[in-house]
Amino acid sequence: MKPKAYALALHTQLTYLFSFARTINEIDTAAALFGEFRGAQDVGWSTVQTAYEVFGELKRLGSKGSPLTKPELRQVLCLYAQLAEAGGVYECLLNTMSVMKLKAYNLWPFQSLVRVRQEPRAVIGPNANATFRHLAKVATAIGMTGLARLFEITFRDDIRNGMAHADYILGPDGLRLRRRNGGSRSSSHSNRSRTAYKSLCSSSNCYKAFSKQSRRLTGPRRPLLAGLARIHPCLGQLN
């Protein structure tokens, strides 16, 4: 799917999702937009802000008129992988879809995907692959199969894995995915390079569409959120 077509389709699906969720429970829908909300916390401890910054950096690199240098290409891949793992943003999507299932706001919506290792002790959160599979599963469960299909193609897991595990080469013909631990090697020349570029655009468009819908729902014209802001000053930051 071409980037513009993906962005339009995702915008349409998210409009359906947020509009319908508001008619079911506007308070829980508003709460769902608090990415990584765990109660009282200091400013500067939300990775949703990091995702916003990453999106801007990726957008600026993609808008350069001159060809990107190798270091800049590595930066693009790094930002791509980081945006794929922006779980705080995707918590908002999962909690919003949960409203459709008549479930209240969940502080840890991806908790069922978390693994706890005993020795050495560690709490291991889900990676982007598990996160988006789960988002697609929930979207299907609430009848939004179109949204589920878009979740399934938002990120290229092979590009994300290659960057996360340093299993790639920037060759003269483009991005080469070595897959040193098994699988067929691939190169991003010709059709593969176009596919990789489309995937980069899709990942940015996913965040952009969600951000746009969030601003639409939490703008200053929303009477419910204005009322909440009067009750608790911290909620005024939504506006």
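Given the structure is predicted, the values throughout are model-derived calculations rather than measurements.
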Report summary line: Separation between CZ (R60) and CZ (F55), nearest 0.5 Å, reads 10.5 Å
**Report entry** Minimum heavy-atom distance T140-A148, with the two atoms named
**Finding:** OG1-CB, 3.3 Å
Requested in this report: Please check if L94 and Y16 belong to a single hydrophobic cluster, counting links between Ile, Leu, Val, Met, Phe, Trp and Tyr side chain heavy atoms closer than 4.5 Å.
Outcome: yes
Requested in this report: Might you point out which heavy atoms bring L83 and A51 nearest each other, and give the distance in Å?
Outcome: CD1-O, 3.9 Å
**Report entry** From E57 atom CD to T50 atom OG1, the distance as rounded to the nearest 0.5 Å
**Finding:** 9.5 Å
Report summary line: Output for pair (K103 NZ, I24 CD1), nearest 0.5 Å, gives 13.5 Å
Requested in this report: Verify the cluster assignment for F132 and I124: are they in a single hydrophobic cluster under the rule of side-chain heavy atoms below 4.5 Å apart?
Outcome: no
Report task. Answer yes or no: is there a side-chain heavy-atom contact under 4.5 Å between L135 and L147? Result -> no
Requested in this report: Answer yes when R160 and E85 have at least one side-chain N-carboxylate O distance shorter than 4.0 Å, and no when they do not.
Outcome: yes
Query raised in the report: Is Q75 reaching over with its side chain to a backbone N or O of E72, donor-acceptor style, under 3.5 angstrom?
Result: no
Requested in this report: Verify the cluster assignment for L68 and V54: are they in a single hydrophobic cluster under the rule of side-chain heavy atoms below 4.5 Å apart?
Outcome: yes
I'd like a table of donor-acceptor pairs (distance under 3.5 Å, sequence neighbours excluded) in which one partner is a side-chain atom from residues 104-116, with atom names and distances.
{"residue": "Y105", "atom": "OH", "partner": "F34", "partner atom": "O", "Å": "3.2"}
{"residue": "N106", "atom": "OD1", "partner": "W108", "partner atom": "N", "Å": "2.9"}

Requested in this report: State, yes or no, whether a side-chain contact exists between M163 and C78 at a heavy-atom distance under 4.5 Å.
Outcome: yes
Query raised in the report: So do the side chains of V89 and Y52 get within less than 4.5 Å of each other, counting heavy atoms only?
Result: no
Query raised in the report: Taking the side chain as C-beta and beyond, is there a heavy-atom pair between N129 and N161 under 4.5 Å?
Result: yes
Query raised in the report: Are the side chain of D167 and the backbone of R180 linked by a donor-acceptor contact shorter than 3.5 Å?
Result: yes
Requested in this report: Working to the nearest 0.5 Å, report the span between OG1 of T29 and CG of N25.
Outcome: 6.0 Å
**Report entry** V48-W45 co-clustered via ILVMFWY side chain contacts under 4.5 Å
**Finding:** no
Report task. For residues L77 and L175, determine if any side-chain heavy atom of one lies less than 4.5 Å from a side-chain heavy atom of the other. Result -> yes
Query raised in the report: Within a strict 4.5 Å, meaning less than it, do heavy atoms of the R133 and E152 side chains meet?
Result: no
Query raised in the report: About how many Å separate CG of L177 and CZ of R156, when rounded to the nearest 0.5 Å?
Result: 7.0 Å
Query raised in the report: Do the side chains of L58 and L170 join up, straight or via other hydrophobic residues, at under 4.5 Å, putting them in one cluster?
Result: yes
Report task. Starting from the C-alpha separation in whole Å, work towards a yes-or-no answer on side-chain hydrogen bond (donor to acceptor under 3.5 Å, both in side chains) for Y168 and R74. Result -> CA-CA 10 Å; Y168 75 96; R74 295 188 204 283; 3.3 Å; yes
**Report entry** Approximate separation, where rounding is to 0.5 Å, of T154 OG1 and D157 CG
**Finding:** 12.0 Å
Query raised in the report: Any side-chain heavy-atom pair from L33 and F18 closer than 4.5 angstrom?
Result: yes
